[in-house]
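Down below is the structure, laid out as structure tokens.
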Amino acid sequence: MPITIALMGNPNSGKTTLFNALTGANQHVGNWPGVTVERKEGQTRHGNQVYTVVDLPGTYSLGAFSEDEVVAREFILTGNPDVVINVVDATNIERNLYLTTQLLEMGAKVVVALNMVDEAEARQISVDEKALSRRLGIPVIPTVASKRKGIDELMEAATATIRAPLNGHVRLSYGESIDGKIAELEDLLKNGDLAYPPGWLALKLLEGDEYLRKVVDVSLKLQGSDEFTRFWDEMAVQAEDFQLEIVDSRYKFVGDVTKDVVRRPEVAVQTTTDKVDRVLTHKYWGMPIFAVIMFIVFQLTFAIGQDLLGRWMATGVEYAGGLLESLLVTVNAPQWLIDFAENGVVGGVGAVIEFVPLIVILYMLMGFLEDSGYMARAAYVMDNTMRAVGLQGKTFISMIVGFGCNVPGVMATRTLESKKDRMIAILINPFMSCGAKIPIYLVFIAAFFPSYGGLVLFSVYALGILVAFLMGKIFSKTLFKGETSHFIMELPPYRKPTLGNVLRNMWDNVSGFLTRAGTTIFAVVSLLWVLAVLPVGVEPYGAESILGRIGLLIAPIFEPAGFGNWQAAVGLFSGIAAKEAVVAILGMVYAGVEEGMELVMAIREVFTPLTAISFMVMTLLYTPCAATLGTIKKETGSAKWALFSATYTFAIAWVLAVLVFQVGRLLGFS
Amino acid sequence: MLKQLLLEIYKADYVSKSNLAVKLDSPVPLVEEGFAELVRLGYLLEDASLNCQDRPCGRCPYASMCQKEPLKTWTITEKGRALLEDYQAAV
């Protein structure tokens with residue numbers, strides 16, 4: 001009859017690698033009865049003996065918190081394996097030994113496969129396996145499953161353990177009081193005819209294992225025993241304390257054992273992390289340091305993206321446009337198609353694509369900060385500031401996501417438990433300047449502030465955050481009053497950014513941007529191009545076209561803000577479909593007006609530095625795009641809040657844009 | 001150790017596991033396991049920054065513009081607060 005070996009271990013401890021090393025191709029996969037947990041079983045031979053090896057689900061503990069845990073412990077207790085090989089990751093031994101202590105509590109025959117000892121060695125972690133074996137009272141065999149090292153020794157130890165009587169196991173003490181209760185309960189359970197060892201069952205019941213409590217309740221009720229119920233009624237007050245004491249005893253045991261048998265180098269990086277954090281997350285210095293870092297990021301974006309790479313892209317777009325036009329002329333394409341290609345596609349979509357180099361550099365630098373772990377610090381610093389003004393700190397998480405795109409930003413508010421906090425976070429998220437708005441700022445910066453690009457872009461983002469804070473404060477004092485909940489943020493250790501991660505992050509963002517340029521923006525530009533050339537007979541892209549008439553209708557609203565021209569009005573209007581469309585539409589309508597003229601040149605003709613700032617303030621703060629509004633409707637469950645968001649953001653944007661223009665004019669700016 | 005860990009988390013401005021490990025004189029992996037156990041026992045709540053179980057990243061058109069590594073935050077539950085009150089009163 002084959003002997004059964006159960007393989008047990010934490011996830012990622014190399015358990016499956018060991019299973020494969022032991023069984024090779026002799027394995028099959030099924031499911032554990034009644035659950036969806038995968039069951040892997042295989043055969044191995046050692047000497048003349050055939051062994052059945054069962055790969056149990058990877059778990060950290062043997063409670064009843066997941067199906068995996070229940071399946072694993074049920075098999076060990078009722079599946080009668082002859083021995084349990086506990087795979088312990090030598091690089092993470094402290095965490096893995098917690099499971100080992102639970103296996104020892106079960107009274108199972110256990111052999112520890114101290115796996116990945118090569119990796120531990122490489123990390124200068126040394127484990128004295130002989131001392132560990134003495135402390136646990138079970139064999140400990142070093143292995144490298146991926147290289148089949150130590151497998152024979154492991155099987156030798158498993159065979160010897162199977163043959164030997166069960167003794168020498170370490171028995172944990174949980175303190176006098178709990179040990180006494182375990183003994184008392186064990187006596188009661190001995191009469192219960194249950195499938196589990198009474199000592200272990202008593203321990204688990206005191207630990208608050210609800211799964212086993214139900215099993216015991218049913219069994220003892222069937223036997224008419226009420227002693228258990230009486231015992232439990234008396235225990236009720238202490239139960240929670242016992243639960244924690246038992247877990248703590250295991251930790252203490254693991255801590256004591258590892259202190260004696262594990263040597264690891266002092267992790268200098270962590271100490272450095274804490275030292276650096278004392279400065280970067282400082283109560284007073286944290287925010288200014290964050291501001292300086294972001295300012296440098298924006299400055300570098302312009303220095304590299306615009307001055308070095310920007311011209312190449314502009315030339316490339318112009319060249320591609322020329323090629324497309326020649327091709328259409330060569331194939332005798334109709335004039336309207338040539339016109340659409342020239343003014344709609346090249347003038348519109350091309351105007352957006354020209355800014356890709358800046359976006360590439362910006363996302364590379366942001367990716368660098370994210371990969372280094374600094375962005376988590378930035379979030380913490382913002383959280384502190386938000387708390388200081390009485391806002392729910394966790395809102396900052398959705399705000400950070402909103403810098404990429406407001407749609408996931410609004411969705412990220414789901415982590416806020418309180419409805420009040422969530423509503424505020426949703427309503428202020430559109431003030432976070434999303435990636436789609438970047439080309440708008442870049443056009444105006446290139447036209448009027450080429451030497452101060454970093455400063456202007458930084459100011460725009462800062463204004464968005466400031467308005468979000470102010471509105472959040474106003475909402476928390478008016479529409480959504482109440483207590484805010486408390487949470488603690490985890491700061492991961494600093495890492496050396498890898499080029500691969502930085503490039504991947506940049507590519508994810510840029511490819512998303514290009515995809516939208518080729519789909520959403522193209523669709524909006526195509527539709528508005530039709531409106532710009534109809535009705536037939538009027539001057540295309542002129543004030544008499546349908547688009548021009550719509551623009552003329554809206555334009556007076558923006559007169560007090562200094563940009564009451566119909567082109568700016570339709571640009572802003574198209575931005576409600578998608579923010580990238582603003583530049584595309586401006587590119588199309590200005591390309592149509594000033595044949596062959598670059599968009600930046602045309603903008604310089606129509607706007608002034610003051611109206612450019614006013615326009616940027618408007619685009620930063622006004623009505624979010626349709627996708628964001630749809631998400632607000634979905635997340636709040638009400639079209640009313642989507643409508644409120646659309647109108648109140650427009651009102652705030654308009655008031656501030658007018659304020660910028662009028663105050664600027666009074667101060668003598670033009 | 002778990003009560004002390006919960007108390008240190010409560011007192012901290014932010015969670016730094018390396019910092020906590022130094023304070024508790026325990027290795028970082030054991031502190032990590034302590035966090036996991038406090039969550040399992042219902043004293044601590046781990047919040048991921050995004051909860052998109054209805055639409056995993058692979059099927060989300062906004063995945064490329066979303067956070068790659070969600071920021072992790074922790075909340076001490078009512079049960080955890082009650083435990084801390086008892087613990088602080090006892091020591």
Side-chain angles (χ1 to χ4, degrees), chain A residues 60-61 63 65 92-96 98 208 240 243-244 247-248 251-252 254-255 258 262 264 267 270-271 273-274 277 281 370 375-376 379-380 384 394 397-398 400-401 404-405 407-408 411-412 414-415 417 434-435 485-493 501 504-505 508-509 511-512 515 627, chain B residues 1-6 9-10 12-19 21-22 24-41 43-52 55 60-76 79 81-83 86-87:
Chain A
Y60 291 107
S61 169
F65 295 101
N92 196 5
I93 189 166
E94 292 87 351
R95 189 163 198 189
N96 282 238
Y98 186 79
E240 211 158 86
Q243 189 178 9
L244 206 63
V247 176
D248 246 355
Y251 277 114
K252 192 174 176 311
V254 171
T258 51
V262 182
R264 54 173 78 234
V267 187
Q270 289 168 346
T271 315
T273 288
D274 295 330
D277 273 343
T281 62
E370 201 170 331
M375 285 318 278
Y380 170 73
N384 263 358
K394 217 191 278 183
I397 293 177
S398 54
I400 291 247
V401 180
C405 175
V407 173
M411 292 197 303
R414 289 175 193 175
T415 53
E417 296 80 19
C434 69
S485 57
H486 182 76
F487 77 99
I488 308 132
M489 197 181 151
E490 183 173 339
L491 299 185
N501 281 350
R504 202 171 306 121
N505 181 63
D508 279 349
N509 283 287
S511 63
T515 307
Chain B
M1 178 207 158
L2 284 183
K3 281 182 192 170
Q4 191 58 33
L5 175 61
L6 192 65
I9 296 169
Y10 175 72
D13 291 327
Y14 55 82
V15 167
S16 159
K17 285 176 180 163
S18 56
N19 229 338
V22 172
L24 298 172
D25 191 23
S26 288
V28 175
L30 206 57
V31 170
E32 280 171 353
E33 181 55 35
F35 268 78
E37 201 62 44
L38 285 171
V39 170
R40 275 200 284 261
L41 295 173
Y43 295 107
L44 197 61
L45 201 67
E46 181 186 348
D47 329 297
S49 64
L50 275 177
N51 175 19
C52 304
R55 187 161 58 174
C60 179
Y62 299 97
S64 68
M65 293 163 286
C66 207
Q67 266 182 306
K68 302 292 171 297
E69 243 178 80
L71 295 166
K72 203 185 271 184
T73 60
W74 302 89
T75 307
I76 297 174
K79 189 179 169 187
R81 283 174 180 276
L83 178 78
D86 294 346
Y87 182 55

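This structure is a prediction, so every number in the text was calculated from the model and none was measured. Protein chains get the first letters and strands the later ones, always in sequence-line order, with residue 1 at the start of each. Both backbone and side-chain heavy atoms feed into the values below; hydrogens, waters and symmetry mates do not.
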Heavy-atom contact with chain A under 4.5 Å, split by part of B:Lys3
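When you check distances to chain A, atoms from both the backbone and side chain of B:Lys3 fall under 4.5 Å.
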Region of A:Ala376 that comes under 4.5 Å of a non-hydrogen atom in chain B:
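Both backbone and side chain.
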Segment of A:Thr281 engaging chain B (4.5 angstrom heavy-atom cut-off)
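It is the side chain, since no backbone atom gets that close.
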I need the [X] [atom1] to [Y] [atom2] distance, nearest 0.5 Å.
{"X": "B:Thr75", "Y": "A:Ile488", "atom1": "OG1", "atom2": "CD1", "result": "7.0 Å"}
{"X": "A:Glu490", "Y": "B:Glu46", "atom1": "CD", "atom2": "CD", "result": "7.5 Å"}
{"X": "B:Leu38", "Y": "A:Leu244", "atom1": "CG", "atom2": "CG", "result": "7.5 Å"}
{"X": "B:Glu37", "Y": "A:Tyr98", "atom1": "CD", "atom2": "OH", "result": "3.5 Å"}

Indicate the atoms forming the closest heavy-atom contact of [X] with [Y], along with that distance.
{"X": "A:Tyr60", "Y": "B:Arg40", "value": "CB-NH1, 4.0 Å"}
{"X": "A:Arg95", "Y": "B:Glu32", "value": "NH2-O, 4.2 Å"}
{"X": "B:Leu30", "Y": "A:Glu94", "value": "CD1-O, 3.7 Å"}

Using a 6.0 Å cut-off, check whether atom NZ of A:Lys252 has over 12 heavy atoms from anything other than its own residue.
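Not more than 12 within 6.0 Å, no.
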Would a 4.5 Å heavy-atom cut-off, applied to side chains only, mark A:Tyr251 and B:Leu5 as touching?
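A:Tyr251 vs B:Leu5: side chains apart.
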